[in-house]
Amino acid sequence: RLGWLEGPDRILEPLRMGSFIRSGGSVQHVIAGIGEGLIQLGLLGRHVDHCQKVFEQRARTLHEALTEHMPSNVTWRFPDGGFFIWVRLPEYIDGEVLEKELLRENVLIYPGVKFSPEKKFRNYIRLCFTYSPEERLREGAAAIARKVREMSAAAEDQA
C-alpha cells in the first residue's frame, strides 16, 4: 500500500463506485499514480524528509513523557527507527487488560501478545508515536502511567 485518500464525498464517491473497485481492483491504482507524480515532481523526497523530522520529534516527545510519568519498574528504550516504542511492564500487568482499561479513556495501545504466535509478551505494549500530535502523546503517556500505577497498587493489595 502506498497510502489512502481523504476528501469530500463528491470526489471520493466516483472512486468508490468505479468499475476498477467492483472488478477486484482498488484505489491503489490511483494512489500509485499519485505516488508516481510526487516522484516525478521531486516532491516525495522533501515529504519523506519532513515526515522523518516530525516522527523523530514525536518519538522524543513520547519518550520524554514516559520518562516523566512511568514508574521505575517499567522499561523501554528510544527507538533506532520505525513508528513504535515497545514498553515492558511488570510481569503481573497483562497488556490486554491494560488495553481495555485505557480504551475507556480513549487511549489506544497494542498489547505485545497480539504480535506473538506463541502468545508471549503479555506484559509488553506497543505505542505508536507517528499518528498523534505531541500533546496527545503526552496525555496518553500520563494516562498509561496512571493506569499502570493503579494496577500495580491492586496487585500489591492482593499479595
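Reckoned from all heavy atoms, side chains included, excluding hydrogens, waters and symmetry mates.
Shown here are the side-chain contact (heavy atoms from CB on, under 4.5 Å) partners of E135, two or more places apart in sequence or in another chain: R138, E139. W86 is linked by a side chain to side chain donor-acceptor pair (under 3.5 Å) to nothing, counting only residues two or more places apart in sequence or in another chain. Remark: E56 pairs with R60 by the salt bridge (Lys or Arg N to Asp or Glu O under 4.0 Å) rule, at least two apart or across chains. Residues satisfying the side-chain contact (heavy atoms from CB on, under 4.5 Å) test with K120, not counting sequence neighbours, are S116, E118. Considering only residues two or more places apart in sequence or on other chains, R10 meets the salt bridge (Lys or Arg N to Asp or Glu O under 4.0 Å) condition with none of them. In this view, F55 and F83 satisfy the ring-ring contact (aromatic ring centres under 6.0 Å, His included) rule, not counting sequence neighbours. Annotation: side-chain contact (heavy atoms from CB on, under 4.5 Å) contacts of R146 (sequence neighbours excluded): E105, A142, A143. For E150, the salt bridge (Lys or Arg N to Asp or Glu O under 4.0 Å) criterion is met by K147, not counting sequence neighbours. With sequence neighbours excluded, the residues forming a side-chain contact (heavy atoms from CB on, under 4.5 Å) with D94 are E96, V97, R122, listed by chain and number.
Residue L102 is grouped with residue F84 when hydrophobic side chains (ILVMFWY) are merged at heavy-atom distances under 4.5 angstrom, including chains of intermediate members. Hydrophobic clustering (side-chain heavy atoms under 4.5 Å, transitive across Ile, Leu, Val, Met, Phe, Trp, Tyr) groups F115 together with L108. Connection of Y110 to L62 is not established within any shared hydrophobic cluster, with ILVMFWY side chains joined at heavy-atom distances below 4.5 Å, either directly or through further cluster members.
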Show which side-chain atoms of residues 73-81 pair as donor or acceptor with protein atoms under 3.5 Å away, not counting sequence neighbours.
residue: N73; atom: ND2; partner: Y92; partner atom: OH; Å: 3.3
residue: W76; atom: NE1; partner: H63; partner atom: ND1; Å: 3.0

Show the atom names and distances, to 0.1 Å, of all donor-acceptor pairs under 3.5 Å that link a side chain in residues 35-53 to residues at least two apart or in another chain.
residue: E36; atom: OE2; partner: Q40; partner atom: NE2; Å: 3.3

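Contact check for L127 versus L66: side-chain heavy atoms found under the 4.5 Å cut-off. Looking only at side-chain heavy atoms (C-beta outward), I93 and S152 come within less than 4.5 Å of each other. Between I125 and K114 the shortest side-chain heavy-atom distance does not fall below 4.5 Å.
To the nearest 0.5 Å, the span separating OG1 on T61 from CG on L137 amounts to 6.5 Å. The distance from the CD1 atom of I85 to the SG atom of C128 is 10.0 Å, given to the nearest 0.5 Å.
Between R58 and E134, the closest heavy-atom pair is CG-CG, 4.1 Å. The minimum heavy-atom distance between A65 and A141, with the atom names listed, is CB-CB, 3.5 Å. In terms of heavy atoms, P71 sits closest to V148 at CG-CG1, 3.9 Å.
For residues 122-146, the pairs satisfying ring-ring contact (aromatic ring centres under 6.0 Å, His included) are F121-Y124, with sequence neighbours left out.
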